[in-house]
2 protein chains.
Amino acid sequence: MGIFAAMEKMPLFHGLDREQIQELFRHSGAQRRTYTRGEMVLRAGERTSRLGLLLSGSVHVIREDFWGGRTIVGVVEAGDVFAESFALAGEPLEVSVFSPGEAEVLFLDAEAAGVYSGRFTVNLLALMAGKNLALTRKMGHMARKTTREKLLSYLSAQAIRAGDASFDIPLDRQQLADFLAVDRSAMSAALGKLRDEGILEFRKNHFHLLRRHPEEMGEEELGC
Amino acid sequence: MGIFAAMEKMPLFHGLDREQIQELFRHSGAQRRTYTRGEMVLRAGERTSRLGLLLSGSVHVIREDFWGGRTIVGVVEAGDVFAESFALAGEPLEVSVFSPGEAEVLFLDAEAAGVYSGRFTVNLLALMAGKNLALTRKMGHMARKTTREKLLSYLSAQAIRAGDASFDIPLDRQQLADFLAVDRSAMSAALGKLRDEGILEFRKNHFHLLRRHPEEMGEEELGC
DNA sequence: AAAAATCAGTTGTTTTTCCAACGAAAGAGG
DNA sequence: CCTCTTTCGTTGGAAAAACAACTGATTTTT
(Lines give C-alpha, C1' and ligand atoms only; values in the text may rest on other atoms or scores of the structure.)
Protein backbone atom coordinates (compact mmCIF):
# COMPACT_ATOMS: atom_id res chain seq x y z
CA MET A 1 0.00 0.00 0.00
CA GLY A 2 2.44 2.61 -1.15
CA ILE A 3 -0.24 4.98 -2.22
CA PHE A 4 -0.67 6.51 1.20
CA ALA A 5 2.87 7.77 1.22
CA ALA A 6 2.13 9.65 -2.00
CA MET A 7 -1.12 10.94 -0.64
CA GLU A 8 0.41 12.48 2.42
CA LYS A 9 2.29 14.74 0.06
CA MET A 10 -0.71 15.82 -1.98
CA PRO A 11 -2.05 19.30 -1.22
CA LEU A 12 -5.46 17.76 -0.66
CA PHE A 13 -4.19 15.85 2.36
CA HIS A 14 -1.78 18.36 3.80
CA GLY A 15 -1.72 18.21 7.54
CA LEU A 16 -3.26 14.75 7.66
CA ASP A 17 -1.30 11.67 8.59
CA ARG A 18 -1.78 8.18 7.20
CA GLU A 19 -4.18 7.27 9.97
CA GLN A 20 -6.44 10.20 9.29
CA ILE A 21 -6.44 9.63 5.56
CA GLN A 22 -7.49 6.03 6.03
CA GLU A 23 -10.16 7.11 8.47
CA LEU A 24 -11.35 9.60 5.90
CA PHE A 25 -11.61 6.98 3.21
CA ARG A 26 -13.47 4.57 5.39
CA HIS A 27 -16.22 7.06 6.12
CA SER A 28 -16.54 8.90 2.85
CA GLY A 29 -17.33 6.10 0.46
CA ALA A 30 -13.92 6.25 -1.13
CA GLN A 31 -13.68 4.01 -4.14
CA ARG A 32 -10.68 3.08 -6.17
CA ARG A 33 -10.81 2.04 -9.80
CA THR A 34 -8.36 1.44 -12.56
CA TYR A 35 -8.91 2.32 -16.18
CA THR A 36 -7.30 1.09 -19.33
CA ARG A 37 -6.58 2.69 -22.66
CA GLY A 38 -9.67 4.23 -24.22
CA GLU A 39 -12.03 3.94 -21.28
CA MET A 40 -14.32 6.75 -20.22
CA VAL A 41 -13.96 7.76 -16.59
CA LEU A 42 -16.86 10.19 -16.54
CA ARG A 43 -19.36 11.17 -19.20
CA ALA A 44 -20.73 14.64 -19.88
CA GLY A 45 -24.32 14.92 -18.72
CA GLU A 46 -23.89 12.60 -15.76
CA ARG A 47 -24.23 13.89 -12.25
CA THR A 48 -21.70 13.06 -9.62
CA SER A 49 -21.30 14.10 -6.03
CA ARG A 50 -17.81 12.69 -5.87
CA LEU A 51 -14.60 14.27 -6.99
CA GLY A 52 -11.86 12.34 -8.72
CA LEU A 53 -8.32 12.10 -7.50
CA LEU A 54 -5.87 10.74 -10.01
CA LEU A 55 -3.47 8.36 -8.30
CA SER A 56 -1.42 7.34 -11.30
CA GLY A 57 -1.36 7.75 -15.05
CA SER A 58 -3.03 10.69 -16.71
CA VAL A 59 -6.50 11.41 -18.03
CA HIS A 60 -7.90 13.92 -20.48
CA VAL A 61 -10.77 16.26 -19.82
CA ILE A 62 -12.65 16.70 -23.08
CA ARG A 63 -15.53 18.84 -24.16
CA GLU A 64 -17.96 17.91 -26.86
CA ASP A 65 -19.80 20.61 -28.78
CA PHE A 66 -23.26 20.66 -30.26
CA TRP A 67 -22.13 19.03 -33.50
CA GLY A 68 -20.07 16.31 -31.84
CA GLY A 69 -16.66 17.94 -32.21
CA ARG A 70 -14.25 17.19 -29.38
CA THR A 71 -11.65 19.37 -27.73
CA ILE A 72 -9.18 18.56 -25.00
CA VAL A 73 -9.66 21.18 -22.35
CA GLY A 74 -7.19 19.80 -19.86
CA VAL A 75 -4.74 17.08 -19.04
CA VAL A 76 -4.88 15.71 -15.50
CA GLU A 77 -1.68 14.35 -14.01
CA ALA A 78 -1.15 12.09 -11.03
CA GLY A 79 -2.02 13.91 -7.81
CA ASP A 80 -4.47 16.26 -9.49
CA VAL A 81 -8.11 16.51 -8.64
CA PHE A 82 -10.81 16.65 -11.31
CA ALA A 83 -14.56 17.12 -11.62
CA GLU A 84 -14.58 18.76 -8.20
CA SER A 85 -16.36 21.89 -9.36
CA PHE A 86 -19.25 19.96 -10.83
CA ALA A 87 -19.50 17.73 -7.79
CA LEU A 88 -19.54 20.65 -5.38
CA ALA A 89 -21.78 22.90 -7.41
CA GLY A 90 -24.20 20.05 -7.93
CA GLU A 91 -24.22 20.60 -11.67
CA PRO A 92 -24.22 17.88 -14.28
CA LEU A 93 -20.86 17.34 -15.92
CA GLU A 94 -20.19 19.54 -18.93
CA VAL A 95 -17.07 17.63 -19.83
CA SER A 96 -16.10 14.02 -20.19
CA VAL A 97 -13.04 12.41 -18.72
CA PHE A 98 -11.18 9.95 -20.86
CA SER A 99 -8.30 7.64 -20.07
CA PRO A 100 -5.75 7.50 -22.89
CA GLY A 101 -3.76 4.83 -21.11
CA GLU A 102 -3.56 3.06 -17.78
CA ALA A 103 -4.89 5.18 -14.96
CA GLU A 104 -5.90 4.75 -11.35
CA VAL A 105 -8.58 6.96 -9.89
CA LEU A 106 -9.86 7.43 -6.39
CA PHE A 107 -13.37 8.81 -6.07
CA LEU A 108 -14.45 10.42 -2.87
CA ASP A 109 -17.40 12.30 -1.61
CA ALA A 110 -16.21 15.73 -0.61
CA GLU A 111 -19.05 16.52 1.72
CA ALA A 112 -18.80 13.26 3.60
CA ALA A 113 -15.04 13.57 3.79
CA GLY A 114 -15.40 17.11 5.07
CA VAL A 115 -17.53 15.93 7.95
CA TYR A 116 -14.70 13.69 9.10
CA SER A 117 -11.96 16.22 8.64
CA GLY A 118 -12.31 19.95 8.69
CA ARG A 119 -8.75 20.02 7.53
CA PHE A 120 -9.68 18.22 4.36
CA THR A 121 -12.30 20.81 3.56
CA VAL A 122 -9.90 23.64 4.16
CA ASN A 123 -7.40 22.00 1.85
CA LEU A 124 -10.05 21.59 -0.78
CA LEU A 125 -11.07 25.21 -0.41
CA ALA A 126 -7.49 26.35 -0.80
CA LEU A 127 -7.09 24.15 -3.85
CA MET A 128 -10.18 25.55 -5.49
CA ALA A 129 -9.23 29.07 -4.54
CA GLY A 130 -5.91 28.54 -6.28
CA LYS A 131 -7.57 27.28 -9.43
CA ASN A 132 -9.89 30.22 -9.27
CA LEU A 133 -7.06 32.70 -9.06
CA ALA A 134 -5.25 31.14 -11.98
CA LEU A 135 -8.39 31.27 -14.08
CA THR A 136 -9.11 34.87 -13.15
CA ARG A 137 -5.59 35.95 -13.94
CA LYS A 138 -5.61 34.22 -17.30
CA MET A 139 -8.97 35.70 -18.09
CA GLY A 140 -7.66 39.18 -17.43
CA HIS A 141 -5.03 38.68 -20.10
CA MET A 142 -7.20 36.93 -22.63
CA ALA A 143 -9.96 39.51 -22.41
CA ARG A 144 -7.77 42.10 -24.09
CA LYS A 145 -8.40 42.52 -27.76
CA THR A 146 -4.97 42.67 -29.35
CA THR A 147 -1.96 40.43 -28.99
CA ARG A 148 0.03 43.42 -27.87
CA GLU A 149 -2.37 44.18 -25.05
CA LYS A 150 -2.51 40.55 -23.99
CA LEU A 151 1.26 40.49 -23.77
CA LEU A 152 1.45 43.71 -21.80
CA SER A 153 -1.24 42.47 -19.45
CA TYR A 154 0.59 39.20 -18.87
CA LEU A 155 4.03 40.72 -18.54
CA SER A 156 2.78 43.49 -16.31
CA ALA A 157 1.25 40.91 -14.00
CA GLN A 158 4.48 38.94 -13.94
CA ALA A 159 6.46 42.04 -13.07
CA ILE A 160 4.07 42.92 -10.27
CA ARG A 161 4.22 39.37 -8.96
CA ALA A 162 7.99 39.37 -9.05
CA GLY A 163 8.02 42.76 -7.39
CA ASP A 164 10.60 43.77 -9.93
CA ALA A 165 10.65 45.15 -13.44
CA SER A 166 13.10 42.37 -14.26
CA PHE A 167 11.78 38.83 -14.18
CA ASP A 168 11.78 35.40 -15.78
CA ILE A 169 8.74 33.70 -17.20
CA PRO A 170 8.18 29.94 -17.02
CA LEU A 171 6.95 29.55 -20.60
CA ASP A 172 8.70 29.42 -23.93
CA ARG A 173 7.28 31.35 -26.87
CA GLN A 174 5.01 28.64 -28.14
CA GLN A 175 3.63 27.93 -24.70
CA LEU A 176 3.05 31.60 -24.05
CA ALA A 177 1.25 31.94 -27.36
CA ASP A 178 -0.94 28.96 -26.50
CA PHE A 179 -1.58 30.34 -23.04
CA LEU A 180 -2.74 33.67 -24.43
CA ALA A 181 -4.54 31.97 -27.32
CA VAL A 182 -2.70 33.89 -30.02
CA ASP A 183 -0.50 33.02 -32.95
CA ARG A 184 3.13 32.47 -32.08
CA SER A 185 4.60 34.38 -34.98
CA ALA A 186 2.24 37.30 -34.49
CA MET A 187 3.21 37.33 -30.84
CA SER A 188 6.85 37.31 -31.75
CA ALA A 189 6.26 40.29 -34.00
CA ALA A 190 4.40 42.11 -31.25
CA LEU A 191 7.27 41.43 -28.85
CA GLY A 192 9.75 42.80 -31.35
CA LYS A 193 7.69 45.93 -31.79
CA LEU A 194 7.46 46.48 -28.06
CA ARG A 195 11.21 46.19 -27.85
CA ASP A 196 11.71 48.64 -30.70
CA GLU A 197 9.47 51.10 -28.95
CA GLY A 198 11.54 50.87 -25.81
CA ILE A 199 8.75 49.51 -23.66
CA LEU A 200 10.38 46.18 -23.09
CA GLU A 201 13.66 44.33 -23.16
CA PHE A 202 14.04 40.58 -23.26
CA ARG A 203 16.37 37.75 -24.00
CA LYS A 204 15.08 34.23 -23.96
CA ASN A 205 12.80 33.92 -20.96
CA HIS A 206 14.11 36.95 -19.16
CA PHE A 207 12.08 40.14 -19.50
CA HIS A 208 12.51 43.68 -18.33
CA LEU A 209 9.68 46.21 -18.39
CA LEU A 210 10.63 49.85 -18.67
CA ARG A 211 8.96 52.49 -16.62
CA ARG A 212 8.37 54.93 -19.42
CA HIS A 213 5.39 55.24 -21.70
CA PRO A 214 2.73 55.41 -19.01
CA GLU A 215 0.18 56.23 -21.71
CA GLU A 216 0.58 52.81 -23.26
CA MET A 217 -2.00 50.68 -21.53
CA GLY A 218 -5.74 50.96 -21.82
CA GLU A 219 -6.38 53.08 -18.81
CA GLU A 220 -10.09 52.91 -18.39
CA GLU A 221 -11.46 55.77 -16.39
CA LEU A 222 -12.97 54.88 -13.08
CA GLY A 223 -16.13 56.95 -13.00
CA CYS A 224 -15.19 57.88 -9.52
CA MET B 1 -31.12 44.49 12.84
CA GLY B 2 -32.81 43.72 9.57
CA ILE B 3 -29.65 42.41 8.05
CA PHE B 4 -30.11 38.90 9.33
CA ALA B 5 -33.28 38.47 7.36
CA ALA B 6 -31.35 39.26 4.20
CA MET B 7 -28.52 36.97 5.20
CA GLU B 8 -30.75 33.97 5.65
CA LYS B 9 -31.47 34.26 1.95
CA MET B 10 -27.87 34.52 0.81
CA PRO B 11 -26.39 31.35 -0.69
CA LEU B 12 -23.56 31.60 1.78
CA PHE B 13 -25.95 31.03 4.68
CA HIS B 14 -28.34 28.56 3.12
CA GLY B 15 -29.58 26.09 5.68
CA LEU B 16 -28.61 28.25 8.60
CA ASP B 17 -31.15 30.05 10.75
CA ARG B 18 -30.72 33.40 12.38
CA GLU B 19 -29.44 31.84 15.58
CA GLN B 20 -26.73 29.92 13.83
CA ILE B 21 -25.64 32.91 11.79
CA GLN B 22 -25.27 35.00 14.91
CA GLU B 23 -23.38 32.20 16.60
CA LEU B 24 -21.12 32.05 13.57
CA PHE B 25 -20.38 35.75 13.71
CA ARG B 26 -19.64 35.70 17.37
CA HIS B 27 -16.96 33.06 16.97
CA SER B 28 -15.38 33.99 13.66
CA GLY B 29 -14.27 37.52 14.32
CA ALA B 30 -16.93 38.96 12.09
CA GLN B 31 -16.51 42.65 11.62
CA ARG B 32 -18.83 45.12 10.04
CA ARG B 33 -17.72 48.37 8.45
CA THR B 34 -19.27 51.04 6.31
CA TYR B 35 -17.49 52.85 3.53
CA THR B 36 -18.20 56.13 1.84
CA ARG B 37 -17.65 57.41 -1.67
CA GLY B 38 -14.06 57.01 -2.79
CA GLU B 39 -12.78 54.85 0.05
CA MET B 40 -10.60 51.82 -0.52
CA VAL B 41 -11.93 48.62 1.03
CA LEU B 42 -8.88 46.51 0.26
CA ARG B 43 -5.60 47.33 -1.40
CA ALA B 44 -3.63 45.17 -3.83
CA GLY B 45 -0.57 43.71 -2.17
CA GLU B 46 -2.19 43.33 1.24
CA ARG B 47 -2.79 39.94 2.72
CA THR B 48 -6.10 39.03 4.24
CA SER B 49 -7.44 35.86 5.73
CA ARG B 50 -10.98 37.19 5.74
CA LEU B 51 -13.44 37.27 2.93
CA GLY B 52 -15.73 40.21 2.29
CA LEU B 53 -19.49 39.98 2.16
CA LEU B 54 -21.19 43.02 0.72
CA LEU B 55 -24.29 43.81 2.77
CA SER B 56 -25.42 46.89 0.89
CA GLY B 57 -24.27 49.21 -1.86
CA SER B 58 -21.80 48.07 -4.46
CA VAL B 59 -18.03 48.02 -4.75
CA HIS B 60 -15.63 47.77 -7.66
CA VAL B 61 -12.85 45.29 -7.98
CA ILE B 62 -10.02 47.01 -9.82
CA ARG B 63 -6.68 45.86 -11.12
CA GLU B 64 -3.70 48.11 -11.47
CA ASP B 65 -1.04 47.33 -14.05
CA PHE B 66 2.70 47.89 -13.99
CA TRP B 67 2.38 51.44 -15.27
CA GLY B 68 -0.41 52.44 -12.92
CA GLY B 69 -3.30 52.00 -15.34
CA ARG B 70 -6.52 50.84 -13.74
CA THR B 71 -9.20 48.51 -15.01
CA ILE B 72 -12.47 47.50 -13.43
CA VAL B 73 -12.48 43.73 -13.37
CA GLY B 74 -15.74 43.28 -11.55
CA VAL B 75 -18.65 44.97 -9.88
CA VAL B 76 -19.78 43.44 -6.61
CA GLU B 77 -23.44 43.79 -5.67
CA ALA B 78 -25.15 43.38 -2.32
CA GLY B 79 -25.10 39.74 -1.24
CA ASP B 80 -21.97 38.92 -3.21
CA VAL B 81 -18.75 37.68 -1.71
CA PHE B 82 -15.38 39.10 -2.72
CA ALA B 83 -11.68 38.49 -2.08
CA GLU B 84 -12.50 34.95 -1.00
CA SER B 85 -10.05 33.30 -3.39
CA PHE B 86 -7.12 35.31 -2.10
CA ALA B 87 -8.12 34.74 1.50
CA LEU B 88 -8.44 31.01 1.04
CA ALA B 89 -5.41 30.53 -1.15
CA GLY B 90 -3.33 32.60 1.25
CA GLU B 91 -2.09 34.80 -1.57
CA PRO B 92 -1.65 38.55 -1.37
CA LEU B 93 -4.38 40.50 -3.10
CA GLU B 94 -3.80 41.13 -6.80
CA VAL B 95 -6.72 43.50 -7.01
CA SER B 96 -7.99 46.42 -5.02
CA VAL B 97 -11.54 46.95 -3.87
CA PHE B 98 -12.94 50.41 -4.11
CA SER B 99 -16.19 51.87 -2.89
CA PRO B 100 -17.71 54.28 -5.41
CA GLY B 101 -20.51 55.19 -3.01
CA GLU B 102 -21.95 54.15 0.32
CA ALA B 103 -21.30 50.51 1.09
CA GLU B 104 -21.52 48.17 4.02
CA VAL B 105 -19.16 45.24 4.26
CA LEU B 106 -18.98 42.30 6.60
CA PHE B 107 -15.59 40.65 6.93
CA LEU B 108 -15.36 37.15 8.23
CA ASP B 109 -12.73 34.55 8.67
CA ALA B 110 -13.73 31.58 6.57
CA GLU B 111 -11.66 29.03 8.41
CA ALA B 112 -12.90 30.07 11.83
CA ALA B 113 -16.47 30.22 10.56
CA GLY B 114 -16.08 26.79 9.06
CA VAL B 115 -15.11 25.34 12.40
CA TYR B 116 -18.43 26.47 13.83
CA SER B 117 -20.52 25.39 10.93
CA GLY B 118 -19.72 22.67 8.48
CA ARG B 119 -22.71 23.87 6.55
CA PHE B 120 -21.09 27.24 6.04
CA THR B 121 -18.03 25.61 4.54
CA VAL B 122 -20.12 23.50 2.22
CA ASN B 123 -21.97 26.60 1.08
CA LEU B 124 -18.71 28.36 0.49
CA LEU B 125 -17.38 25.42 -1.47
CA ALA B 126 -20.49 25.36 -3.63
CA LEU B 127 -20.22 29.06 -4.19
CA MET B 128 -16.60 28.82 -5.29
CA ALA B 129 -17.32 25.79 -7.42
CA GLY B 130 -20.00 27.81 -9.20
CA LYS B 131 -17.61 30.68 -9.84
CA ASN B 132 -15.08 28.19 -11.07
CA LEU B 133 -17.48 26.65 -13.53
CA ALA B 134 -18.50 30.02 -14.88
CA LEU B 135 -14.87 30.97 -15.37
CA THR B 136 -14.01 27.69 -17.06
CA ARG B 137 -16.95 27.94 -19.41
CA LYS B 138 -16.13 31.50 -20.35
CA MET B 139 -12.52 30.55 -20.89
CA GLY B 140 -13.51 27.83 -23.30
CA HIS B 141 -15.26 30.38 -25.44
CA MET B 142 -12.67 33.10 -25.22
CA ALA B 143 -9.82 30.78 -26.07
CA ARG B 144 -11.07 30.41 -29.62
CA LYS B 145 -9.34 32.62 -32.10
CA THR B 146 -12.08 34.06 -34.25
CA THR B 147 -15.30 35.79 -33.34
CA ARG B 148 -17.16 33.18 -35.32
CA GLU B 149 -15.66 30.34 -33.29
CA LYS B 150 -16.27 32.15 -30.03
CA LEU B 151 -19.90 32.53 -30.96
CA LEU B 152 -20.29 28.93 -32.01
CA SER B 153 -18.61 27.78 -28.82
CA TYR B 154 -20.91 29.91 -26.70
CA LEU B 155 -24.08 29.06 -28.57
CA SER B 156 -23.21 25.39 -28.70
CA ALA B 157 -22.78 25.38 -24.94
CA GLN B 158 -26.09 27.14 -24.48
CA ALA B 159 -27.84 24.61 -26.69
CA ILE B 160 -26.32 21.73 -24.77
CA ARG B 161 -27.29 23.33 -21.48
CA ALA B 162 -30.83 23.87 -22.67
CA GLY B 163 -30.93 20.34 -24.00
CA ASP B 164 -32.51 21.74 -27.11
CA ALA B 165 -31.32 23.25 -30.36
CA SER B 166 -33.73 26.09 -29.64
CA PHE B 167 -32.95 28.33 -26.70
CA ASP B 168 -32.88 31.87 -25.32
CA ILE B 169 -29.79 33.65 -24.15
CA PRO B 170 -29.78 36.07 -21.23
CA LEU B 171 -27.58 38.69 -22.89
CA ASP B 172 -28.23 41.37 -25.44
CA ARG B 173 -25.79 41.90 -28.28
CA GLN B 174 -23.57 44.38 -26.52
CA GLN B 175 -23.39 42.26 -23.41
CA LEU B 176 -22.60 39.17 -25.42
CA ALA B 177 -19.87 41.03 -27.25
CA ASP B 178 -18.40 42.22 -23.96
CA PHE B 179 -18.68 38.74 -22.51
CA LEU B 180 -16.75 37.24 -25.41
CA ALA B 181 -14.40 40.23 -25.56
CA VAL B 182 -15.11 41.00 -29.20
CA ASP B 183 -16.39 43.95 -31.13
CA ARG B 184 -20.15 44.23 -31.23
CA SER B 185 -20.47 45.12 -34.89
CA ALA B 186 -18.03 42.45 -35.95
CA MET B 187 -20.01 39.97 -33.90
CA SER B 188 -23.20 41.11 -35.52
CA ALA B 189 -21.63 40.52 -38.91
CA ALA B 190 -20.47 37.07 -37.85
CA LEU B 191 -23.98 36.23 -36.67
CA GLY B 192 -25.42 37.35 -39.98
CA LYS B 193 -22.97 35.22 -41.87
CA LEU B 194 -23.77 32.17 -39.78
CA ARG B 195 -27.43 32.71 -40.54
CA ASP B 196 -26.76 33.08 -44.26
CA GLU B 197 -24.85 29.83 -44.19
CA GLY B 198 -27.79 28.07 -42.61
CA ILE B 199 -25.94 27.13 -39.44
CA LEU B 200 -28.05 29.28 -37.20
CA GLU B 201 -31.37 31.05 -36.92
CA PHE B 202 -32.18 33.79 -34.46
CA ARG B 203 -34.51 36.61 -33.62
CA LYS B 204 -33.73 38.87 -30.71
CA ASN B 205 -32.47 36.67 -27.92
CA HIS B 206 -33.88 33.45 -29.29
CA PHE B 207 -31.48 31.20 -31.15
CA HIS B 208 -31.77 27.96 -33.01
CA LEU B 209 -28.78 25.86 -34.01
CA LEU B 210 -29.14 23.63 -37.04
CA ARG B 211 -27.82 20.13 -37.10
CA ARG B 212 -26.08 20.33 -40.45
CA HIS B 213 -22.54 21.33 -41.22
CA PRO B 214 -20.80 18.96 -38.87
CA GLU B 215 -17.47 19.99 -40.40
CA GLU B 216 -17.83 23.52 -39.07
CA MET B 217 -16.19 23.41 -35.68
CA GLY B 218 -12.55 22.91 -34.94
CA GLU B 219 -12.55 19.23 -34.26
CA GLU B 220 -9.21 18.59 -32.73
CA GLU B 221 -8.15 15.01 -32.98
CA LEU B 222 -7.82 13.12 -29.78
CA GLY B 223 -4.59 11.27 -30.24
CA CYS B 224 -6.07 8.32 -28.47
C1' DA C 1 -48.93 60.25 -29.98
C1' DA C 2 -44.57 62.46 -30.54
C1' DA C 3 -39.95 62.62 -29.07
C1' DA C 4 -36.02 60.48 -27.30
C1' DA C 5 -33.22 56.77 -26.38
C1' DT C 6 -31.67 52.24 -27.13
C1' DC C 7 -30.52 48.34 -29.87
C1' DA C 8 -29.17 45.75 -33.84
C1' DG C 9 -27.50 45.34 -38.49
C1' DT C 10 -24.69 47.32 -42.34
C1' DT C 11 -20.89 49.44 -44.69
C1' DG C 12 -16.31 51.13 -45.58
C1' DT C 13 -11.69 51.90 -43.90
C1' DT C 14 -7.78 50.86 -41.13
C1' DT C 15 -5.40 47.89 -38.34
C1' DT C 16 -4.23 43.49 -36.74
C1' DT C 17 -4.01 38.74 -36.90
C1' DC C 18 -3.42 34.38 -39.04
C1' DC C 19 -0.86 31.28 -41.80
C1' DA C 20 2.91 29.27 -44.17
C1' DA C 21 7.38 29.41 -45.12
C1' DC C 22 12.06 30.62 -44.42
C1' DG C 23 16.45 31.32 -42.04
C1' DA C 24 19.34 32.34 -38.14
C1' DA C 25 20.64 31.09 -33.56
C1' DA C 26 21.07 27.97 -29.79
C1' DG C 27 21.46 23.37 -27.94
C1' DA C 28 22.09 18.22 -27.98
C1' DG C 29 24.51 14.34 -29.18
C1' DG C 30 27.77 11.81 -31.62
C1' DC D 1 33.77 19.89 -34.88
C1' DC D 2 29.86 18.81 -37.25
C1' DT D 3 25.03 17.56 -37.85
C1' DC D 4 20.38 17.28 -36.40
C1' DT D 5 16.75 19.37 -33.93
C1' DT D 6 14.30 22.85 -31.69
C1' DT D 7 13.35 27.48 -30.91
C1' DC D 8 12.65 32.08 -32.24
C1' DG D 9 12.37 36.08 -35.21
C1' DT D 10 11.00 37.72 -39.81
C1' DT D 11 8.42 38.37 -44.00
C1' DG D 12 4.55 38.64 -47.31
C1' DG D 13 0.00 37.78 -48.60
C1' DA D 14 -4.77 36.58 -47.30
C1' DA D 15 -8.26 36.86 -43.97
C1' DA D 16 -10.43 38.73 -40.11
C1' DA D 17 -11.32 42.03 -36.55
C1' DA D 18 -11.48 46.64 -34.82
C1' DC D 19 -13.29 51.04 -35.32
C1' DA D 20 -16.34 54.69 -36.61
C1' DA D 21 -20.29 56.17 -38.56
C1' DC D 22 -24.89 55.63 -40.15
C1' DT D 23 -29.65 53.60 -40.70
C1' DG D 24 -33.77 51.50 -39.48
C1' DA D 25 -36.43 49.28 -35.97
C1' DT D 26 -38.08 48.85 -31.45
C1' DT D 27 -38.79 50.49 -26.85
C1' DT D 28 -39.29 53.99 -23.39
C1' DT D 29 -40.35 58.45 -21.94
C1' DT D 30 -42.80 62.46 -21.76
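All values derive from a computational prediction rather than experimental measurement. Note on naming: letters A, B, ... go to the chains in the order of the sequence lines (proteins, then strands), and numbering restarts at 1 for each one.
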K.L.:
Tell me which nucleotide among dA20(D), dT11(D), dA8(C) gets nearest to the side chain of Asp172(B).
P.N.:
dA8(C)

K.L.:
So if I apply the side chain to side chain contact (heavy atoms under 4.5 Å, CB included) rule between Leu42(A) and each of Leu93(A), Val59(A), Val95(A), which one comes out positive?
P.N.:
Leu93(A)

K.L.:
Remember a base hit wins even if backbone is also touched, and classify Lys204(A) as base, sugar-phosphate or nothing at under 4.0 Å, heavy atoms.
P.N.:
nothing

K.L.:
Whole Å only: how far is the CG atom of Leu171(A) from the P atom of dC8(D)?
P.N.:
11 Å

K.L.:
Nearest-Å distance, CZ (Arg173(A)) to P (dT6(D))?
P.N.:
18 Å

K.L.:
Looking at the side chain of Arg184(B), which of dA21(D), dC19(C), dG9(D) is the nearest nucleotide?
P.N.:
dA21(D)

K.L.:
At under 4.0 Å, does any side-chain N or O of Thr147(A) touch on OP1 or OP2 of dT17(C)?
P.N.:
yes

K.L.:
For Phe207(A) and Phe202(A), take the angle between the two ring planes, folded into 0 to 90°, and tell me which bin it lands in: parallel under 30, tilted 30 to 60, perpendicular over 60.
P.N.:
parallel

K.L.:
Which nucleotide sits closest to the side chain of Val182(A): dT16(C), dC18(C), dG9(C)?
P.N.:
dC18(C)

K.L.:
In this structure, how many angstroms lie between the C1' atom of dC8(D) and the CZ atom of Arg203(A), rounded?
P.N.:
14 Å

K.L.:
Among dT10(D), dA8(C), dC19(D), which nucleotide has an atom closest to any side-chain atom of Ser188(A)?
P.N.:
dT10(D)

K.L.:
Calculate the interatomic distance between Gln174(B) atom CD and dT27(D) atom P; express it in whole Å.
P.N.:
19 Å

K.L.:
Separation of Met187(A) atom CE from dT7(D) atom C1', in whole Å?
P.N.:
11 Å

K.L.:
Nearest-nucleotide wise, let me know which of Thr146(A) and Ala186(A) is further upstream toward the 5' end of DNA chain D.
P.N.:
Ala186(A)

K.L.:
Are Ile169(B) and Tyr154(B) packed together at the side-chain level, in the sense that at least one heavy-atom pair is separated by less than 4.5 angstrom?
P.N.:
yes

K.L.:
List the atom of Asp183(B), the atom of Ala177(B), and the distance in Å for their closest heavy-atom pair.
P.N.:
C-CB, 4.2 Å

K.L.:
Without decimals, in angstroms, what is the distance between Asp196(A) CG and dT11(D) P?
P.N.:
10 Å

K.L.:
Any salt bridge linking Glu91(A) with Arg137(B)? Criterion: basic side-chain nitrogen under 4.0 Å from a carboxylate oxygen.
P.N.:
no

K.L.:
Between dT17(C) atom P and Met142(A) atom CE, what is the distance in whole Å?
P.N.:
15 Å

K.L.:
Please confirm whether the shortest side-chain N or O distance from Arg148(B) to OP1 or OP2 of dA16(D) is below 4.0 Å.
P.N.:
no

K.L.:
Figure out the CZ/C1' separation between Arg144(B) and dC18(C), and round it to whole Å.
P.N.:
16 Å

K.L.:
So if I take every side-chain heavy atom of Asp183(A) and compare against dA20(D), dC18(C), dC8(D), which nucleotide ends up nearest?
P.N.:
dC18(C)

